[in-house]
Amino acid sequence: MRLPKAGTIEIAPSILDADFARLADEIAAVELAGVNMVHLDVMDGHFVPNITIGPPVIAKLRKVSRLVFDSHLMISEPARYAEHFVQAGVNHITFHIEAADEPKKLIDKLHKLGVTAGICLNPGTPVEQIQTIAPLCDMVLVMTVQPGFGGQKFMPEAAKKIARIRKIVGPGIRIEVDGGIDSQTAPIVVSYGADTLVVGHAIFSKPDRAAAINTIREAYGQRG
Ligand code: DX5
Ligand code: ZN
C-alpha cells in the first residue's frame, strides 16, 4: 500500500469524528465507498490540546484494513516516535514544520523506513517556512483550521496558500488540505490545486457515510 501517485483527487476520511468504539466498522464503511486512503489524526495533548490514538490502536486497525494509512502526527518530537508508527503499519507520515527541529533529516529517515513523507503547516505558518523542504516531500498538508478538533469552520485565507505551494512543488507532489472540507469548500480547494481532501465531520456526522462521500465527489466534479 502506497500513497496514490499524484494525478488523481483522493478523499481521505478523517476518523476523528468517527465512532471510536466501532473504528474497524467505520473504516470498512468508507472503504466500501471506494476511498483509497484513511487519515489517522494522532494528537499528543502537548503539540495540540487534545489526545487521540497512537501506535497500539493503529497496529490493530492495520490487521483489519487494506486502505493506505495516512497518518497526521500532531505531536511534539515527531522524529522520536516515527519508527513506532511505521512498525504499527502506517504507509505515510505527515509531521508539522512547527514541531520538527530537523525536518530534512526526518524526511530522509521516513524514506529510509519505507514510508512516504509529508510536511504540514498550520494556518498561521507562512509558506516560506516549508519552501525548501516541500519539494523533498511526497505530500504537503495545508491546515485550514487550527489543529486539535474536528468539525471546525474552514479558514479561507489559509486555503489560499495551496495555490502558492502548487507553484513551488509542481504537479508531482500531493497537496492535502485538512479542516472544514465539505461539499461547499471542496471545489474551492481543488481549484487552488489541492488533490487530497481530508474530510471528517462532513462524512462521519452523516448516517450514510458512502452517500456523504459521493456528495463531496460530485461537488468537485468526480462521478461516484
Ligand atoms: C484537525 C484534524 C483534522 C480534522 C478534520 O486537527 O487534523 O483531520 O479531524 O475534520 P473536519 O473535516 O471535521 O474539519
Ligand atoms: Zn488531520
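Order of listing sets the numbers, starting from 1, for every ligand and every atom in it. In this chain, numbering begins with 1 at the start of the sequence shown.
Between His72 and Leu141 the shortest side-chain heavy-atom distance falls below 4.5 Å.
The existence of a salt bridge linking Lys104 and Asp108 is confirmed by a sub-4.0 Å separation between a basic side-chain nitrogen and an acidic carboxylate oxygen.
Listed by chain and number, Ser14, Leu16, His39, Asp41, Met43, His72, Met74, Met143, Pro147, Gly148, Phe149, Gly150, Gly151, Asp178, Gly179, Gly180, Val198, Val199, Gly200, His201 each place a non-hydrogen atom less than 4.0 angstrom from ligand 1.
Remark: Lys60 engages no residue in a side-chain contact (heavy atoms from CB on, under 4.5 Å) (not counting sequence neighbours). Residues passing the side-chain contact (heavy atoms from CB on, under 4.5 Å) test with Asp17 are His201, Phe204, sequence neighbours excluded.
Counting heavy atoms of neighbouring residues, nucleotides and ligands inside a 6.0 Å radius, atom NE2 of His46 does not exceed 12 of them.
Under the 4.5 Å side-chain heavy-atom criterion for Ile, Leu, Val, Met, Phe, Trp and Tyr, Met155 and Val127 are members of distinct hydrophobic clusters.
Remark: the Thr94 side chain and the Glu176 side chain contain no N/O donor-acceptor pair separated by less than 3.5 Å.
Closer than 2.8 Å to the Zn ion (ligand 2) sit the protein N, O or S atoms His39 NE2, Asp41 OD1, His72 ND1, Asp178 OD2.
Of all heavy-atom pairs between Pro187 and Ala219, the closest is CG-O, 3.4 Å.
A side-chain contact (heavy atoms from CB on, under 4.5 Å) with Ser183 is found for one member of Asn214, Thr215, Val199 and no other, namely Thr215.
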